[in-house]
Amino acid sequence: MKTKSLVLSAAAALLIALFVYSRRPQPVAVEMYTLTTGPVQSTVANTRVGTVKACRRAYLAPATGGQVAELHVKEGDKVNQGQLLLEVWNQDLKTQVGLQKAQVKANRANAEQACQLAGSAEREAARLSRLQSSKQIVSVEQVDKAVSNGKSQRAACRAALQNIEVAEEQVAVAEAAVRRTLVLAPFDGTVAEVNAELGEFVTPSPPGIPTLPPIDLLDVSCLTVSAPIDEVDAAAIKTGMQACVSLDAFPDKRCSGVVTRIAPYVLEKEKQARTVEVEVTLRDPKDLAELLPGYSADIEVQLAKKDDVLRLPAEAILENNRVLKLDDDNVLHEQSFQPGLSNWNYTEVVSGLNAGDRVALSIGKEGVSDGAKVAIKP
């Protein structure tokens with residue numbers, strides 16, 4: 001009996017020990033980060049999605065309305081500056097140009113005749129003047145009449161020459177009227193859209209009533225990314241700063257960007273934070289590959305950079321610049337540090353931590369807190 005009691009007591013003690021052990025908190029498996037040095041940069045990013053834009057875009061329409069008589073391009077065509085793209089019916093205006101040019105020729109002929117007569121009259125007046133002064137064969141009245149006739153003919157010559165200039169200006173006016181019916185490329189570019197067909201009637205957009213332009217022309221030789229930056233962050237941005245561009249359509253960042261424009265005003269829209277529009281231009285031709293105007297894009301402007309400083313990943317940092325540091329017994333303890341430069345990925349450690357310190361990355365995991373016993377994940 002006594003032996004049986006001892007066995008039962010030992011079994012009960014073992015069960016109690018197992019129960020107590022099972023209720024003990026088990027170490028939490030966490031990922032750790034060992035502090036090392038590396039580059040850290042301070043950046044500013046846009047608050048709402050930005051857009052890839054062509055450096056130049058023109059919505060082209062003739063200066064005067066009319067029926068489309070000639071359409072010289074189609075969508076996707078490459079065009080050169082000054083190239084004729086579209087022509088509105090203008091035969092009447094072209095005929096007027098021809099008429100004015102003929103008038104110029106007629107005026108030149110009249111001017112030649114008038115100037116020849118003027119020269120003849122002036123020579124006749126000179127002869128009579130010599131005769132009158134030397135032999136007095138010719139009366140003073142005849143000489144005076146001849147001189148006056150010469151001056152009159154010379155004035156007619158000048159008037160005829162002025163008529164040539166007037167006719168030439170009328171030609172210029174007629175040609176300008178023809179040009180109002182033409183749509184010319186203002187720069188080298190690519191035709192994005194053609195919203196007109198032969199025979200259709202096109203007009204310039206009336207004030208306040210936007211209409212589709214007959215031709216939409218893009219210059220895609222350079223591209224910019226325009227994005228809104230919160231007014232609080234925009235004050236630190238300067239033109240010439242380096243920037244990276246991220247696009248939803250491509251996985252890799254493109255970091256040859258430079259800030260080329262900062263809007264001179266704050267954009268105020270209802271129910272939206274006030275922002276400043278910032279434009280970034282990509283300089284590397286490789287970064288321009290496959291980009292199309294209209295792609296959504298984000299920008300990240302580099303304000304400052306340090307190449308070799310102690311740094312922490314963003315996912316290891318708690319509020320108020322604290323981390324969970326691991327001691328030699330695998331227990332976590334809260335530790336404050338002084339931050340320096342920071343971005344979405346890393347924060348510079350100015351003081352409070354040293355190279356080689358290990359801090360928890362799994363700070364959002366249940367049980368990962370100050371004083372917790374942890375098991376390190378490989």
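Quick caveat, the model's predicted, so the values are computed rather than measured.
- Judged as a salt bridge (Lys or Arg N to Asp or Glu O under 4.0 Å), and not counting sequence neighbours, Asp230 has no contacts.
- Across every non-hydrogen atom of Val202 and Pro62, the tightest pair is CG2-CG, 3.8 Å.
- The backbone N or O of Ser148 sits nowhere less than 3.5 Å from a side-chain atom of Ser152 that would complete a donor-acceptor pair.
- Each of Val194, Leu182, Ile215, Asp77 was evaluated against Leu85; a single residue qualifies, Ile215, per the side-chain contact (heavy atoms from CB on, under 4.5 Å) test.
- Between Val331 and Val374 there is no side-chain heavy-atom pair separated by less than 4.5 Å.
- A single hydrophobic cluster is seen to contain both Val276 and Val245, as judged by linkage of ILVMFWY side chains at heavy-atom distances under 4.5 Å, directly or through other members.
- No donor-acceptor pair under 3.5 Å is formed between the side chain of Arg180 and the backbone N or O of Ala177.
- In this structure, OG1 on Thr95 lies 12.0 Å from CD on Gln100, to the nearest 0.5 angstrom.
- With hydrogens and angles ignored, the 3.5 Å screen pairs a side-chain donor or acceptor of Gln67 with a backbone N or O of Gly199.
- The main-chain N or O of Asn80 is found under 3.5 Å from a side-chain atom of Gln83 such that the two form a donor-acceptor pair.
- Nearest heavy-atom pair across Pro313 and Leu361 is CG-CD2, 3.7 Å.
- Looking at Asn343, its side chain does come within 3.5 Å of a backbone N or O of Asn345 through a donor-acceptor pair.
- Between the Asn321 side chain and the Ser336 main chain, no donor and acceptor come within less than 3.5 Å of each other.
- Side-chain contact annotation: Gln302 with Thr43, donor-acceptor N/O pair under 3.5 Å absent.
- Checking Leu332, Leu35, Leu318 one by one against Val359, the side-chain contact (heavy atoms from CB on, under 4.5 Å) holds for a single residue, Leu35.
- Residues Leu198 and Leu60 fall within the same hydrophobic cluster, defined by Ile, Leu, Val, Met, Phe, Trp and Tyr side chains chained together at heavy-atom separations under 4.5 Å.
- Looking at Phe337 and Val350, their side chains never come closer than 4.5 Å, going by heavy atoms from C-beta outward.
- Looking at residues two or more places apart in sequence or on another chain, you find no salt bridge (Lys or Arg N to Asp or Glu O under 4.0 Å) involving Asp287.
- The distance from atom NZ of Lys373 to atom CG of Asp329, rounded to the nearest 0.5 Å, is 5.5 Å.
- Take Asp357 and apply the salt bridge (Lys or Arg N to Asp or Glu O under 4.0 Å) test, not counting sequence neighbours, and it matches Lys325.
- Within the structure, salt bridge (Lys or Arg N to Asp or Glu O under 4.0 Å) pairs that include any residue of residues 82-105 comprise Glu87-Lys94, Lys101-Glu175 (at least two apart or interchain).
- The local environment of CZ in Arg274 is sparse, with at most 12 non-hydrogen atoms from other residues, nucleotides or ligands closer than 6.0 Å.
- In the hydrophobic clustering of ILVMFWY residues, with side-chain heavy atoms under 4.5 Å counting as a link, Val258 and Ile262 come out apart.
- Both Ile229 and Leu282 are part of a single hydrophobic cluster, where members link through side-chain heavy atoms under 4.5 Å apart.
- You'll find the side chain of Tyr33 stays beyond 4.5 Å of the side chain of Arg358, heavy atoms only.
- With Glu200 contributing its side chain and Glu197 its backbone, the two residues share a donor-acceptor pair below 3.5 Å.
- Pairing each heavy atom of Met32 with each of Ala360, the nearest pair is CE-N, 3.6 Å.
- Looking at Thr260 and Glu279, their side chains never bring a donor and an acceptor atom within 3.5 Å of each other.
- Inspection of the Ser246 and Asp298 side chains reveals no N or O donor paired with an N or O acceptor under 3.5 Å.
- Here the closest non-hydrogen pair linking Leu218 and Pro293 is CD1-CG, 4.2 Å.
- With respect to Glu277 and Arg261, no salt bridge is recorded, no charged nitrogen being found less than 4.0 Å from a carboxylate O.
- Looking at Glu122 and Arg154, their side chains come closer than 4.5 Å, going by heavy atoms from C-beta outward.
- Contact of the Gln335 side chain with the Leu353 side chain is registered, since non-hydrogen atoms from C-beta on lie closer than 4.5 Å.
- Under the 4.5 Å side-chain heavy-atom criterion for grouping Ile, Leu, Val, Met, Phe, Trp and Tyr, Val232 is not connected to Ile299 through any hydrophobic cluster.
- Of all the heavy atoms in Tyr295 and Ala249, the pair that sits closest is CE2-CB, 3.8 Å.
- Between the side chains of Ser256 and Asp284, no donor-acceptor pair of N or O atoms lies under 3.5 Å.
- When side chains are defined from C-beta on, His72 does not count as touching Val79, because their heavy atoms never get closer than 4.5 Å.
- Residues Ala297 and Asn46 come closest through the heavy atom pair O-ND2, 4.3 Å.
- Not a single donor-acceptor pair under 3.5 Å links the side chain of Asn90 to the backbone N or O of Thr181.
- Of the inter-residue distances, the one linking Gln113 atom CD with Gln153 atom CD reads 9.5 Å to the nearest 0.5 angstrom.
- In this structure, the side chain of Asn195 engages the main chain of Pro213 through a donor-acceptor pair within 3.5 Å.
- A side chain to side chain donor-acceptor pair (under 3.5 Å) check over residues 303-313, counting only residues at least two apart or in different chains, returns the pairs Thr37-Asp308, Lys306-Glu348.
- For Asp216, the salt bridge (Lys or Arg N to Asp or Glu O under 4.0 Å) partners two or more places apart in sequence, or in a different chain, are Arg57.
- Under the 4.5 Å side-chain criterion, counting only non-hydrogen atoms from C-beta, Gln41 is not in contact with Leu341.
- A distance of 6.0 Å separates CG in Leu324 from CD in Glu334, rounded to the nearest 0.5 Å.
- The structure places CG of Leu310 at 11.5 Å from OG1 of Thr347, a figure rounded to the nearest 0.5 Å.
- Under the 4.5 Å side-chain criterion, counting only non-hydrogen atoms from C-beta, Thr190 is not in contact with Leu217.
- Of the possible polar contacts, one joining the Asp188 side chain to the Gln81 backbone as a donor-acceptor pair under 3.5 Å is found.
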